[in-house]
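Worksheet: the structure to be examined is printed underneath.
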Amino acid sequence: MIVDSILNSKGRDVFSVPANMSVRDVARRLQALNMGATIVLAEDGSLAGIFSERDLMKAVAEQGSTALGLEVGDFMTRQIRTCKPTDGITTIMQIMTNKRIRHLPVLEAGEVVGVISIGDVVKFRIAEAETEAEALKAYIASG
């Protein structure tokens, strides 16, 4: 299976914020949407980084409550891993595990076409395993 399979089932909506939005406003949006990360866009609309719960914790640890009034661009992760819709799920799981990341922007022709989380991957793998188990049961029962 490939990343595109996950996007087809979960959707391709991408939540993004500008780099000059305050950490407080981004944190509020993440909380309201029950999300763990957001894409951060540069002024030209290109991918500038990703801002996650981990980045929020780092900002508060370094700056205290002052961080909440600063720009998310000051604390976002700039060197981010990305994937393509054609990448295999096993490869994505290895990247997420080895790099200790929970969100991967999906790029196609340089444009963000989705974001997958470790939760999306786990949910997909569980559904895939259940489908395989049901197919095996049906095969054994027919035998």
Side-chain angles (χ1 to χ4, degrees), residues 1-140:
M1 288 296 177
I2 59 175
V3 169
D4 206 41
S5 303
I6 294 175
L7 293 178
N8 286 339
S9 65
K10 76 166 261 186
R12 296 172 186 273
D13 293 339
V14 177
F15 173 61
S16 63
V17 298
N20 64 354
M21 185 176 272
S22 75
V23 170
R24 175 182 287 110
D25 289 343
V26 173
R28 285 180 175 154
R29 285 191 183 185
L30 288 173
Q31 192 276 328
L33 296 171
N34 195 29
M35 296 174 65
T38 183
I39 298 298
V40 181
L41 299 177
E43 286 185 27
D44 66 0
S46 65
L47 179 63
I50 192 166
F51 185 78
S52 69
E53 297 161 327
R54 188 177 294 157
D55 296 316
L56 175 61
M57 293 299 293
K58 182 179 177 189
V60 172
E62 290 177 358
Q63 301 286 328
S65 61
T66 307
L68 297 175
L70 299 176
E71 295 181 354
V72 73
D74 295 334
F75 300 103
M76 68 184 177
T77 300
R78 294 175 188 279
Q79 295 181 346
I80 57 174
R81 294 292 301 229
T82 62
C83 63
K84 300 177 297 224
T86 55
D87 287 340
I89 301 302
T90 304
T91 302
I92 296 309
M93 288 172 28
Q94 289 172 342
I95 291 169
M96 290 177 142
T97 301
N98 293 339
K99 298 295 181 181
R100 296 179 163 258
I101 54 178
R102 295 182 306 233
H103 301 88
L104 278 178
V106 183
L107 296 182
E108 189 169 43
E111 199 170 316
V112 181
V113 296
V115 177
I116 59 169
S117 70
I118 192 69
D120 297 329
V121 174
V122 168
K123 181 179 175 183
F124 185 81
R125 290 293 287 156
I126 288 170
E128 189 176 55
E130 288 173 349
T131 300
E132 289 173 4
E134 289 302 317
L136 284 172
K137 286 179 190 176
Y139 174 75
I140 291 169

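In what follows, every heavy atom counts, from backbone to side chain, and hydrogens, waters and symmetry copies are set aside. This is a predicted model, so every value here is computed, not measured.
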request  = Provide the closest heavy-atom pair for Thr38 versus Ser16 in the form atom of the first, atom of the second, distance.
outcome  = OG1-CA, 3.5 Å
Could you pull out all residues at least two apart from [X] that satisfy side chain to side chain contact (heavy atoms under 4.5 Å, CB included)?
X: Val115; result: Val14, Ile39, His103
X: Ile126; result: Val122, Glu130
X: Ser5; result: Met1, Ile2, Phe124
X: Ala42; result: Asp44, Ser46, Ala48

request  = Any chance you could measure Ile92, atom CD1, to Arg81, atom CZ, to the nearest 0.5 Å?
outcome  = 8.5 Å
task = Report yes if some heavy atom in the side chain of Leu56 is under 4.5 Å from a heavy atom in the side chain of Val23; otherwise report no.
result = yes
According to the salt bridge (charged side-chain N to carboxylate O under 4.0 Å, His left out) rule, which pairs have a member within [range], sequence neighbours left out?
range: residues 12-36; result: Asp4-Arg12
range: residues 119-129; result: Lys10-Asp120, Arg125-Glu128
range: residues 88-114; result: Glu53-Arg102

Give every donor-acceptor pair under 3.5 Å between a side-chain atom in residues 61-79 and any protein atom, sequence neighbours left out.
{"unit_1": "Thr77", "atom_1": "OG1", "unit_2": "Asp55", "atom_2": "OD1", "d": "2.8"}
{"unit_1": "Thr77", "atom_1": "OG1", "unit_2": "Asp55", "atom_2": "OD2", "d": "3.1"}
{"unit_1": "Arg78", "atom_1": "NH2", "unit_2": "Gly73", "atom_2": "O", "d": "2.7"}

Side chain to side chain contact (heavy atoms under 4.5 Å, CB included) evaluation trace for Thr82 with Leu104 = CA-CA 5 Å; Thr82 62; Leu104 278 178; 5.7 Å; no
